[in-house]
Amino acid sequence: MSNLITPRTLRGFRDFLPEVMIPRERLIETAKQVYRSYGFVPIDTPALEYSEILCGKGSEETDRQMFRFDHGKHDVAMRFDLTVPLARFVAQNANELGMPFKRYHIAPVWRGERPQAGRYREFIQCDFDTIGTRSIASDIETGLVIYDLMRAIGFEKFSIRVNNRKVLNGLLEKSGLAESSVPVLRALDKLPKIGREAVAKEMQESTSATESQVDEILKLAEVKGSNEEILKQLEPLCVGNELAEEGLSQLRAVVEAANTVGITDANLQVDVSIARGLDYYTGTIYETFLDDLPTIGSVCSGGRYDNLAQLYTKQELPGIGASLGLDRLLAAMQTLEMLPATRTTADVMIVQFSKDHLQSYLTMASQLRAAGIKTEVFPDAKKLNQQFKYADRRGFDAVLIAGDDELAAKKVQVKWLSDGSQTELSTEGGSLELINFLGNKLFESQDDNSLGQRVWDGVKWVWKKLW
RNA sequence: GUGGCUGUAGCUCAAUUGGUUAGAGUACUGGAUUGUGAUUCCAGGGGUUGGGGGUUCAAGUCCCCUCAGCCACCCCA
């Protein structure tokens, strides 16, 4: 017996225990509901693709991060995001899909990065994209989806930072730095982190930019204030450059539309320093930070691109999309103690008083389930205190007790674990009285009309609507 | 991929600085309690001190390698 294999997982890969998996599934369910509420439809693609598909862009960085290997005669790789597979997917299926095409895709991706808190080698991305339109309406909608997502998950204090690459690129053009836009933007992105001096230094070291050119760009750093004030200050900087002016008007359109639907400056801010993301962004860009935990980084980001699938088709496919960082968000929610300590997926547990009554318990359970109340029957006729302890530790809302006396009288005791209150109810007529009682208690929180409550407990809400 | 910090029971930490059989709290299983989840008391299971090698009469403790986690780069969700 000494040659047992040590159970272990690869660096950056992890197991998920029920108490982690339950909120994880809830989060995914929430994201799907928000996406569907805008008409996005689901797709899926393979985890493995031909390397030439995934490496097409050929950036050394993504190459280094990709899990890649030979399988027989084929050079294959695991997808490191969902956008490149989407490009291939759309190029291959464009005729059947029709444009515009709005899809969501929730699936794992793999990157050979060095792991850190909230950063893993296998993680889930929750992407949504709108392909085949240049309309500003899609840029606006993308911001609204991000807002609804964050609210539905339960956040109120978050900042969606919005910017437009055209503003940045226009300003670079204006100051004669169009050639070295990538290193300049990369440095600019670090502005809030390392400060103006260090950014200026990095720009001069990594490009041929002169001090005055760098100064010109870093004027952006001085742009501060409310969204309205920032837009005003940008005007003189952009004037005279067609690209920058176009970007500015798009930025203004996004902000104004968001304000119209009630999103305030508290949750959406113009931030001219955000530039990040892959080189292919060409218009509106979004980043989302948690006010209470900004160090975790962006939890939802994306932007507009001119031509998604140019590597795979001659058809020009513009689009915009964003991605929710589910694992990072979950890590943040854990440190912010936003996750309930539930280790069960059921609402109530039926105590097994004696195995002779198993039939009665199973009948009661299926009546409850048919009414939408998730019910578990304890498998053994163990001592009551042990069954109660189990129910308590797992986080059931209520325990149902029916011994000889109750069953003879067609009754059941309902004990509410949060306050210890106990109520005797009738099980006659298909347990209607019991179901009504449990339904009212379990779903009363649904009177809360916030989007978060509605979507978070979507299933319960639907149940109540039908009832 | 580069540089650094850390690693003792499921979790949080002890172990007189190299000295005998690695302890405690908590969690888990059972009992006290054959109709009721806090608490209390009792008992039990659980460790090749992350893994391998070396120095030494003697290693959880010192050295090397390796694995994993974390931090800063890189990049990004």
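Bear in mind that the values here come from a model prediction, so they are computed numbers and not experimental data.
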Exercise. Just checking A/Gly12: base, sugar-phosphate only, or nothing, at a heavy-atom cut-off of under 4.0 Å?
Worked result: sugar-phosphate
For this session: Spell out yes or no: do the side chain of A/Arg119 and the base of B/rC75 have one donor N/O and one acceptor N/O closer than 3.5 Å?
Result: yes
Exercise. Can you check whether A/Leu400 reaches A/Leu368 side chain to side chain, under 4.5 Å on heavy atoms?
Worked result: yes
Problem set entry | B/rA72 OP1/OP2 closer than 4.0 Å to side-chain N/O of A/Gln116 | yes
Exercise. Does a nitrogen or oxygen in the side chain of A/Lys383 sit under 4.0 Å from OP1 or OP2 of B/rU29?
Worked result: no
For this session: Decide yes or no on side chain to side chain contact (heavy atoms under 4.5 Å, CB included) for A/Leu407 and A/Phe353, but give the supporting numbers first.
Result: CA-CA 11 Å; A/Leu407 288 172; A/Phe353 210 86; over 6 Å; no
Problem set entry | Whole-Å P distance, B/rU6 and B/rC65 | 15 Å
Problem set entry | Length of the CZ-C1' vector between A/Arg121 and B/rG69, whole Å | 12 Å
Exercise. If you look at every strand shown and take non-hydrogen atoms under 4.0 Å, does A/Leu324 touch a base, only sugar-phosphate, or nothing?
Worked result: nothing
For this session: Please report, rounded to the nearest Å, how far the P atom of B/rG35 is from the OH atom of A/Tyr361.
Result: 12 Å
For this session: Answer with yes or no whether A/Glu406 presents, from its side chain, a donor or acceptor under 3.5 Å of a partner atom in the base of B/rG35.
Result: yes
Problem set entry | A/Arg14 CZ - B/rC67 P separation (whole Å) | 21 Å
Exercise. Counting any heavy atom closer than 4.0 Å, what does A/Ala391 reach on the DNA or RNA strands: base, sugar-phosphate only, or nothing?
Worked result: nothing
Exercise. Looking across every strand, which nucleic acid part, if any, lies under 4.0 Å from A/Gln422 by heavy atom: base, sugar-phosphate, or nothing?
Worked result: base
For this session: Assign A/Lys415 to base, sugar-phosphate, or nothing according to its heavy-atom contacts below 4.0 angstrom with the strands shown.
Result: base
Problem set entry | A/Leu27 vs A/Met333 side-chain heavy atoms within contact, under 4.5 Å | yes
Problem set entry | Atom pair distance, as rounded to whole Å: CG in A/Leu384 and C1' in B/rG35 | 5 Å
Problem set entry | Close side-chain approach of A/Tyr147 to A/Asn267, heavy-atom, < 4.5 Å | yes
For this session: Using atom CE of A/Met150 as one end and atom P of B/rA77 as the other, report the distance to the nearest whole Å.
Result: 15 Å
Exercise. Ring of A/Phe123 versus six-membered ring of B/rA77: centres under 5.5 Å and planes under 30°?
Worked result: yes
For this session: Check every strand shown and say whether A/Arg186 touches a base, only sugar-phosphate, or nothing at a heavy-atom separation below 4.0 Å.
Result: sugar-phosphate
Exercise. Does any donor-acceptor pair link the side chain of A/Arg328 with the base of B/rC76 at a separation under 3.5 Å?
Worked result: yes
Exercise. Can you find a side chain N or O atom of A/Gln386 that sits less than 4.0 Å from OP1 or OP2 on B/rG31?
Worked result: yes
Exercise. A/Lys193 side chain N/O closer than 4.0 Å to the phosphate oxygens (OP1, OP2) of B/rC73?
Worked result: yes
For this session: Under 4.0 Å between any heavy atoms, over every strand shown, what does A/Asn385 touch: base, sugar-phosphate, or nothing? Just pick one.
Result: base
For this session: Taking only the side-chain nitrogens and oxygens of A/Arg393, find out if one of them lies under 4.0 Å from OP1 or OP2 of B/rC28.
Result: yes
Exercise. Base, sugar-phosphate, or nothing for A/Gly420, non-hydrogen atoms under 4.0 angstrom?
Worked result: base
Exercise. If you look at every strand shown and take non-hydrogen atoms under 4.0 Å, does A/Tyr390 touch a base, only sugar-phosphate, or nothing?
Worked result: nothing
Exercise. To the nearest 0.5 Å, what is the distance between CD1 (A/Ile131) and OH (A/Tyr305)?
Worked result: 3.5 Å
Exercise. Can a donor-acceptor pair under 3.5 Å be found between the side-chain atoms of A/Glu287 and the base atoms of B/rA77?
Worked result: no
Exercise. Below 3.5 Å, does any donor atom in the side chain of A/Gln413 face an acceptor in the base of B/rU36, or the other way round?
Worked result: no
